[in-house]
Amino acid sequence: MTKQLRFKGGIHLTNSDSKKVKPYLITKTLVPENQETPIHFVAEDLVSDKLFYRRNHFPYPAFSSSFYFLPIDGHVQNPSVFSLEQIYAMPSKTIKVVLECSGDKRELFKPKVFGEQMGKGAISQGIWKGVPLRTLLQYAGMLDHTKEIVFEGYDNGPRTDSNNVYNFTRSLPIEKALDEDTIIAYEYNNHPLSFKHGFPLRLIVPGWYGMASVKWIKKIVVIEKEFKGPFQTVDYIYYPNQENDSGKFPVTTINVNSTIQFPLDRQLLNTGIYKINGIAWTGEGKIATVEISMDGGQTWDPCKLSNTPKKHAWVRWTYTWNALKKGEYTIKTRATDTEGNRQPGKPLWNRKGYGYNAIDKITVKVE
């Protein structure tokens, strides 16, 4: 027999009804649309398309996919134009990949920085299918001394620092472009790519922050010099100094990181035994260890990894906590990857708020 629960206002909800409650995206801005994944309530390894975080600089582009073709030109021997049918017919690659916005956890920086105030949910994971970028580049025949590959998206609009209209355009160094895992994707989680996530074609660059994975690809241009567009040389640059641009360097590889999913920050708990859990990820190598501290970082214990760490994917971790003593607890986690990178006590502060990866921290109270 289903037990009924009573809430204020005389509303009744059965246990079976309560099981239907689902999480939603966390809205940051509407135009352009920027929304976080409700990461604390994502129990699956594959984030659904509807809950995948959304990060845009401009309103969604308007174009007709019925007449879509992908041109590749520039410093190539055979400038080419590919139809979707041609791309679908090419040998494909399928890969599970974490995509993380470089502004993930931006709201945690101290001092505060300007920009989309993302919490911990500008990250998602799923299975992408597409054609390796290097396959398309081989068809076009790159010439000697090629330095970078430029990707222009259909999304465009004015920037706050200029009255000019720009398409979102980024480049990859030739080494990363030719990586076997860099793909031009057309499917996500075994379904056609949705429009809001880049249909009909988007770039997927495993191991790099999400800005590199250009959506709604309009064209690809091979160049023999450094690309100087504003989303390459103004934005997505670490500026570690408050007063000037000295020491700046580009945002590329995802920093090693972890997030506590349960308990929630400032959650009230009864005494008892709890399974603390979360995720950890990195852009280099694989996750090697995740450690947890229940005393604010004075001592650390190893967490149990729930699945075998794999390159480009997050790993789930758990820790059994006997919360038998009442009081407040500061819980911290830190991840270390196989390349020796470990989450620092403090993040690299930078003016635009990129790459936050300090030790994760929450506070709970046992009553």
Side-chain angles (χ1 to χ4, degrees), residues 37 39-40 42-47 93-102 104-105 108 120-128 175-176 179-182 204-210 212-213 238 249-263 265 274-321 329-348 354-362:
T37 295
I39 195 64
H40 297 93
V42 172
E44 300 78 19
D45 264 350
L46 305 182
V47 177
K93 185 178 183 71
T94 301
I95 183 170
K96 182 191 286 187
V97 175
V98 164
L99 278 192
E100 182 186 15
C101 174
S102 59
D104 190 30
K105 303 189 180 184
L108 301 180
K120 299 180 181 181
I123 180 173
S124 297
Q125 175 175 266
I127 295 175
W128 304 88
E175 297 79 14
K176 191 64 176 176
D179 188 295
E180 64 178 358
D181 291 333
T182 300
I204 294 294
V205 186
W208 280 32
Y209 282 110
S213 295
Y238 290 109
F249 60 101
V251 175
T252 55
T253 306
I254 294 173
N255 292 325
V256 63
N257 216 330
S258 66
T259 288
I260 301 167
Q261 293 180 292
F262 175 83
D265 191 27
Y274 292 94
K275 181 171 286 188
I276 301 174
N277 63 75
I279 55 175
W281 65 97
T282 185
E284 290 189 307
K286 306 172 186 176
I287 291 296
T289 62
V290 179
E291 299 169 282
I292 191 167
S293 173
M294 305 303 298
D295 54 15
Q298 297 181 53
T299 60
W300 295 86
D301 292 318
C303 296
K304 179 182 178 181
L305 302 186
S306 302
N307 53 294
T308 302
K310 295 183 179 180
K311 192 176 181 182
H312 304 318
W314 67 39
V315 64
R316 293 192 172 276
W317 54 264
T318 61
Y319 179 80
T320 301
W321 178 35
Y329 294 84
T330 297
I331 305 173
K332 295 184 175 184
T333 58
R334 66 184 182 190
T336 303
D337 65 28
T338 53
E339 300 300 308
N341 302 301
R342 173 183 284 178
Q343 285 181 260
K346 293 182 178 181
L348 172 66
Y354 298 130
Y356 187 101
N357 76 320
I359 289 171
D360 200 29
K361 179 177 73 172
I362 65 169

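For the numbers below, each heavy atom of this structure counts, side chains included, while hydrogens, waters and symmetry mates do not.
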Spacing of [atom1] belonging to [X] relative to [atom2] belonging to [Y], to within rounding of 0.5 Å:
| X | Y | atom1 | atom2 | result |
| --- | --- | --- | --- | --- |
| Met294 | Tyr319 | CE | OH | 6.5 Å |
| Asp265 | Ile331 | CG | CD1 | 9.5 Å |
| Thr289 | Leu305 | OG1 | CG | 8.0 Å |
| Gln125 | His312 | CD | NE2 | 11.5 Å |
| Glu284 | Asn255 | CD | CG | 8.5 Å |
| Trp314 | Ile123 | CH2 | CD1 | 6.0 Å |

State whether a side-chain donor-acceptor pair under 3.5 Å links Thr259 with Lys105.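 On atom types as modelled, these side chains qualify, holding a pair under 3.5 Å.
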Shortest non-hydrogen contact from [X] toward [Y]:
| X | Y | value |
| --- | --- | --- |
| Gly121 | Asp104 | N-OD1, 3.6 Å |
| Lys346 | Ala358 | C-CB, 4.0 Å |
| Pro206 | Lys176 | O-NZ, 3.0 Å |
| Thr338 | Gly285 | OG1-CA, 3.4 Å |
| Gly297 | Ser293 | N-OG, 2.7 Å |
| Ile204 | Ser213 | CA-OG, 3.5 Å |

Might you work through the side-chain contact (heavy atoms from CB on, under 4.5 Å) test for Trp300 and Lys332, ending with a clear yes or no? CA-CA 9 Å; Trp300 295 86; Lys332 295 184 175 184; 3.8 Å; yes
The criterion is side chain to side chain donor-acceptor pair (under 3.5 Å); which residues satisfy it with Arg342, sequence neighbours excluded?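 In terms of side chain to side chain donor-acceptor pair (under 3.5 Å), with neighbours along the sequence ignored, Arg342 is linked to Thr336.
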Could you pull out all residues at least two apart from Lys120 that satisfy salt bridge (charged side-chain N to carboxylate O under 4.0 Å, His left out)?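 Lys120: salt bridge (charged side-chain N to carboxylate O under 4.0 Å, His left out) contacts with Asp360.
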Taking the six-membered ring for Trp, are Trp321 and Tyr274 parallel (under 30°), tilted (30 to 60°) or perpendicular (over 60°)? tilted
Asn257 side chain to Tyr356 main-chain N or O, any donor-acceptor pair under 3.5 Å?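 Here the side-chain-to-backbone pair exists.
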Could you go through the side-chain contact (heavy atoms from CB on, under 4.5 Å) check for Val98 and Thr282 one step at a time? CA-CA 9 Å; Val98 164; Thr282 185; over 6 Å; no
Determine, stepwise, if the pair Asp337 / Trp281 fulfils side-chain contact (heavy atoms from CB on, under 4.5 Å). CA-CA 8 Å; Asp337 65 28; Trp281 65 97; over 6 Å; no
When you look at Ile39 and Ile279, which way does the side-chain contact (heavy atoms from CB on, under 4.5 Å) test go after all the steps? CA-CA 9 Å; Ile39 195 64; Ile279 55 175; 4.0 Å; yes
Tell me, do [X] and [Y] make a side-chain contact under 4.5 Å, heavy atoms counted?
| X | Y | value |
| --- | --- | --- |
| Glu100 | Tyr209 | yes |
| Thr253 | Trp208 | yes |
| Val315 | Ser306 | no |

Taking atom NZ of Lys361 as the centre, does the number of heavy atoms from other residues, nucleotides or ligands within less than 6.0 Å exceed 12? no
